[in-house]
Amino acid sequence: QRKRQKEHQEMVGALSKGDEVVTSSGILGKVTELDENYMVLNVANNVDLKFQRVHVHAVLPKGTLKSIG
């Protein structure tokens, strides 16, 4: 469990603009803004939502959103 926690912290710390992610609540989006604790995800045309960075569940391969959208 400690190992998983450390891997999650590293993933969250490595987030950058343009990353495609899925949140722990299942929302998919593209990172458009980042600060120390929060990120803004573009989830649809002109729809941006702000989340805490720790709620990122996974970083998706680039192009995932287009292939399922």
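- A side-chain donor-acceptor contact under 3.5 Å links Glu20 to the backbone of Gly63.
- The CG atom of Asp48 sits 12.0 Å away from atom CE of Met39, with the distance rounded to the nearest 0.5 Å.
- The one candidate from Leu60, Val31, Thr64 that meets the side chain to side chain contact (heavy atoms under 4.5 Å, CB included) condition with Val21 is Val31.
- With hydrophobic clusters built from ILVMFWY side chains whose heavy atoms lie under 4.5 angstrom apart, Tyr38 does not share a cluster with Val22.
- Taking both residues in full, the closest heavy atoms of Leu49 and Phe51 are given as CB-CE1, 3.5 Å, listed atom of the first, atom of the second, then distance.
- Within the 4.5 Å cutoff, no side-chain heavy atoms of His57 are placed close to those of Thr23.
- Put simply, CG on Leu34 and NZ on Lys17 are 7.5 Å apart, with the number rounded to the nearest 0.5 Å.
- Atoms CD1 and NE2, on Ile27 and His55 in that order, are 11.0 Å from each other to the nearest 0.5 Å.
- Taking NZ of Lys30 as the start and CG of Leu41 as the end, the distance is 11.5 Å to the nearest 0.5 Å.
- From Arg53, atom CZ reaches atom CD of Gln9 across 12.0 Å, with rounding to the nearest 0.5 Å.
- With values rounded to the nearest 0.5 angstrom, His8 atom NE2 is found 7.5 Å from Ser24 atom OG.
- For the pair Val56 and Met11, the tightest heavy-atom approach, listed with the atom from each and the gap, is O-CE, 3.7 Å.
- Here the side chain of Asn45 pairs no donor or acceptor atom with the backbone of Val47 at under 3.5 angstrom.
- The salt bridge (Lys or Arg N to Asp or Glu O under 4.0 Å) search around Lys62 returns Asp19, not counting sequence neighbours.
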